[in-house]
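Take a look at the structure set out below.
Below, read A as the first sequence line, B as the second, and so on, with proteins coming before strands; counting in each chain starts at 1. Below, all heavy atoms of this structure are taken into account, side chains as well, without hydrogens, waters or symmetry copies. Computed from a predicted structure; not experimentally measured.
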Protein chains: 2
Amino acid sequence: MDWLDSIAWDANGLVPVIAQEVHSGDVLMFAWMNREALQLTAERGQAVYFSRSRQRLWHKGEESGHFQQVHGIRIDCDADVVLLSVTQLGHDPGIACHTGRHSCFFQVLKDGAWTTTEPVLQDPATIYKR
Amino acid sequence: MDWLDSIAWDANGLVPVIAQEVHSGDVLMFAWMNREALQLTAERGQAVYFSRSRQRLWHKGEESGHFQQVHGIRIDCDADVVLLSVTQLGHDPGIACHTGRHSCFFQVLKDGAWTTTEPVLQDPATIYKR
């Protein structure tokens, strides 16, 4: 059986994906893949997601240059969530978030309000110029 | 504005949640919360999810004793994913998975097949006896 057949794709043919930075353990982002995206991710060793807003494959870094090198692909006990081990390329430290921050999870709940905890490492205007 | 109003709840009133172990950085599991679950999680400092299969609140550990102490609650740039920092209670090392393993992400893609990489720390039959 094809390893892709083991995935419990949702009603839209998608699976949620968590990208975790391999050297730091930081959770960088969360996105979705369809079957083709997951297959391409495994073949290329670079993360290819499926953009739900644009309804097309999204090779992470295609506009920003911030590609994700994939070291490992895991699934959970129900085979309905994927966990990627990645190196975030293109900037040091890595920028995974479209806001120019290291991780997308830069807002933490503090005293009943969301507080931004991570600095912008690069102005998004200069990231997406290319 | 209530901090819960900032969440971009999906069409079913849910938000995906990643639980990450605070001391190891391991991603333990992935689940869902509704508004009440997230509010209770913040109030109690213990993870309360919403079970989609059972369509009810699910206080993680209510059957297994494997509660999750919550140290931090983060949201991503789009405010549509939650990241919890947790200590997995009830066993050492922590057991987050209903299969008796540390993490739900115990299957890794290797040579085109899913391979189990983590041992069962406790027989689920003895976990769910209580």
Side-chain angles (χ1 to χ4, degrees), chain A residues 1-7 15-32 38 41-43 52-53 70-85 96-101 103-118 124, chain B residues 1-7 15-32 38 41-43 52-53 70-85 96-101 103-118 124:
Chain A
M1 192 171 92
D2 193 319
W3 61 275
L4 289 160
D5 293 332
S6 302
I7 307 284
V15 67
V17 181
I18 302 160
Q20 183 178 31
E21 192 172 46
V22 69
H23 78 85
S24 66
D26 291 343
V27 175
L28 297 179
M29 57 177 281
F30 173 94
W32 297 81
L38 184 51
T41 296
E43 284 173 6
R52 294 186 304 170
S53 57
V70 175
H71 303 280
I73 301 176
R74 289 171 175 263
I75 49 172
D76 73 343
C77 44
D78 299 322
D80 61 0
V81 185
V82 171
L83 175 63
L84 298 183
S85 294
C97 186
H98 76 286
T99 64
R101 292 180 176 86
S103 161
C104 292
F105 295 92
F106 57 82
Q107 298 168 94
V108 66
L109 185 62
K110 209 171 173 179
D111 302 326
W114 297 107
T115 309
T116 295
T117 56
E118 289 194 23
Chain B
M1 191 170 91
D2 193 319
W3 61 275
L4 289 161
D5 294 331
S6 301
I7 306 284
V15 67
V17 181
I18 303 159
Q20 183 177 31
E21 192 173 46
V22 69
H23 78 86
S24 66
D26 292 343
V27 175
L28 297 179
M29 56 176 282
F30 173 95
W32 297 82
L38 184 51
T41 297
E43 284 173 8
R52 294 186 304 170
S53 57
V70 174
H71 303 280
I73 301 176
R74 289 171 176 262
I75 49 170
D76 74 342
C77 45
D78 298 323
D80 61 1
V81 185
V82 170
L83 175 63
L84 299 183
S85 294
C97 187
H98 76 287
T99 65
R101 293 180 176 87
S103 161
C104 292
F105 294 91
F106 58 82
Q107 299 168 94
V108 67
L109 185 62
K110 208 172 173 179
D111 302 327
W114 297 108
T115 308
T116 295
T117 57
E118 289 194 23

If one checks every heavy atom of Q107(A) against chain B at 4.5 Å, the contacting part turns out to be both

Heavy-atom donor-acceptor pair, R101(B) side chain to E118(B) backbone, under 3.5 Å: yes

Where on I7(A) is there a heavy atom nearer than 4.5 Å to chain B: the side chain, the backbone, both, or neither? side chain

Atom group of T115(A) that falls short of 4.5 Å from chain B, counting heavy atoms: neither

Quick check on the interface: out of F30(B), W114(B), F106(B), who has the most heavy-atom pairs with chain A under 4.5 Å? W114(B)

Where on I18(B) is there a heavy atom nearer than 4.5 Å to chain A: the side chain, the backbone, both, or neither? side chain

Reported CE-to-CG distance for the pair M29(A) and L84(A), which is rounded to 0.5 angstrom: 9.0 Å

Which atoms of D78(A) are under 4.5 Å from chain B, going by heavy atoms: the side chain, the backbone, both sets, or neither? side chain

Looking at NE2 of H71(A) and CD of Q20(A), how far apart are the two atoms once the value is rounded to the nearest 0.5 Å? 11.5 Å

Flag the one option from D76(B), I75(B), I73(B) with the top tally of heavy-atom pairs under 4.5 Å to chain A. I75(B)

Looking only at heavy atoms, the pair that brings S103(B) and V27(B) closest together is OG-O, 2.9 Å

Against chain A, label T117(B) side chain, backbone, both or neither, depending on which of its atoms sit under 4.5 Å from a heavy atom there. side chain

F105(A): what forms a ring-ring contact (aromatic ring centres under 6.0 Å, His included) with it, not counting sequence neighbours? none

By side chain to side chain donor-acceptor pair (under 3.5 Å) - contacts of S85(A) (at least two apart): none

